[in-house]
Amino acid sequence: MSDFGAVLEGKCMNFSIRVVSLCRFLNEERHEYRIADQMFRSGTSIGANVAEAQCAISRNDFVAKLYISLKEANETLYWLNILHKTQYINSKQYESMHSDCEELKRLLVSVTKKITTSVATAKPSGISKDK
């Protein structure tokens, strides 16, 4: 695993732990279960798919898993917005979680763009220029 991959996985793990804590708070203190469940699923799925990408069987599989992580990050931002607008979480909680999720999203966009660009510009194997 590259240094970047290790950093991304670590950030995803830390974010997942924060999501679990937030959902526990929502369940125990706010008695909110439905949105908390959605938040739990999407928020922890970001890191789970990054971890799964580490064992991808191909470059396309790797990129697909990272795109799933990106989509889950977008969904997590949606649930955070709802939780904030309905006052289940305060502005401080929202801004902290939102900032961390946006950082993950930027990292995922960066790596998926880099990989898809390198795939698009790569010369197909087994084909030479003079044939």
Side-chain angles (χ1 to χ4, degrees):
M1 178 186 315
S2 69
D3 290 342
F4 180 81
V7 168
L8 179 60
E9 252 193 78
K11 287 182 180 290
C12 286
M13 177 62 71
N14 291 336
F15 185 74
S16 291
I17 291 167
R18 293 191 65 206
V19 166
V20 169
S21 295
L22 175 62
C23 292
R24 183 179 301 132
F25 163 79
L26 290 168
N27 286 325
E28 293 174 2
E29 302 295 323
R30 300 296 208 157
H31 305 288
E32 202 308 301
Y33 305 100
R34 288 186 177 102
I35 300 170
D37 183 55
Q38 292 294 117
M39 178 73 188
F40 184 89
R41 289 169 188 257
S42 65
T44 58
S45 183
I46 301 166
N49 280 288
V50 167
E52 193 173 339
Q54 299 303 319
C55 294
I57 58 173
S58 67
R59 184 179 288 241
N60 287 340
D61 186 36
F62 181 76
V63 171
K65 298 296 183 218
L66 293 181
Y67 271 117
I68 292 169
S69 291
L70 179 57
K71 290 164 61 173
E72 295 293 342
N74 275 334
E75 182 180 342
T76 300
L77 290 169
Y78 175 81
W79 295 121
L80 280 170
N81 283 325
I82 288 181
L83 288 167
H84 184 243
K85 289 178 186 228
T86 57
Q87 300 177 348
Y88 278 110
I89 60 175
N90 63 38
S91 292
K92 184 178 177 182
Q93 291 168 309
Y94 169 78
E95 289 165 11
S96 177
M97 293 292 290
H98 188 271
S99 174
D100 285 356
C101 194
E102 281 288 351
E103 180 184 13
L104 291 177
K105 188 176 160 184
R106 282 191 301 276
L107 291 170
L108 289 164
V109 166
S110 174
V111 72
T112 52
K113 277 187 178 179
K114 184 176 181 178
I115 291 171
T116 55
T117 301
S118 70
V119 168
T121 59
K123 186 172 73 174
S125 61
I127 300 173
S128 64
K129 290 189 322 187
D130 54 347
K131 286 189 180 178

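Since the structure is predicted, the reported quantities are computational estimates derived from the model, not experimental observations.
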Heavy-atom closest pair, residues [X] and [Y]:
X    : Y   : value
L77  : H98 : CD2-CD2, 3.5 Å
V50  : C12 : CG2-SG, 3.9 Å
S69  : S45 : OG-O, 4.4 Å
C101 : A73 : SG-O, 3.5 Å
E32  : R34 : OE2-N, 3.3 Å
K105 : N74 : NZ-OD1, 2.9 Å

Are [X] and [Y] connected in the hydrophobic side-chain network, where two residues link if heavy atoms are under 4.5 Å apart?
X   : Y    : value
V63 : L104 : yes
I35 : Y78  : yes
Y94 : I82  : yes
L66 : I68  : no
F25 : V19  : yes

task = Inspect the surroundings of CZ in F40 and state if more than 12 heavy atoms from other residues, nucleotides or ligands are less than 6.0 Å away.
result =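 Counting other residues, nucleotides and ligands, CZ of F40 stays at 12 neighbours or fewer.
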
Roughly how far, to the nearest 0.5 Å, is the [atom2] atom of [Y] from the [atom1] atom of [X]?
X   : Y   : atom1 : atom2 : value
L83 : N90 : CG    : CG    : 11.5 Å
H84 : E95 : NE2   : CD    : 6.5 Å
C23 : E28 : SG    : CD    : 11.0 Å
Y88 : L22 : OH    : CG    : 13.0 Å
C55 : D61 : SG    : CG    : 10.0 Å
Q38 : T76 : CD    : OG1   : 10.0 Å

request  = Sequence neighbours left out, what passes ring-ring contact (aromatic ring centres under 6.0 Å, His included) with Y33? Give chain and number order.
outcome  =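 Testing Y33 for ring-ring contact (aromatic ring centres under 6.0 Å, His included), a comparison that skips the adjacent residues, returns none.
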
key: Listed partners of R18 passing salt bridge (Lys or Arg N to Asp or Glu O under 4.0 Å), at least two apart   =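 With sequence neighbours excluded, R18 shows a salt bridge (Lys or Arg N to Asp or Glu O under 4.0 Å) to D100, given in chain and number order.
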
inquiry  = Under the rule for salt bridge (Lys or Arg N to Asp or Glu O under 4.0 Å), what residues qualify as partners of R41, not counting sequence neighbours?
reply    =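 Expected list: D37.
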
query = Would you say the side-chain atoms of S118 pair up with the backbone N or O of I115, donor to acceptor, closer than 3.5 Å?
reply =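 Yes, the answer is positive, given that a donor and an acceptor are paired below the 3.5 Å cut-off.
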
query = Looking just at side-chain N and O atoms, do R30 and T86 make a donor-acceptor pair shorter than 3.5 Å?
reply =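 R30 vs T86: no donor-acceptor pair found between side chains.
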
query = Taking C-beta and beyond as the side chain, do L8 and L108 meet within less than 4.5 Å on heavy atoms?
reply =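 Yes, close enough: below the 4.5 Å cut-off.
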
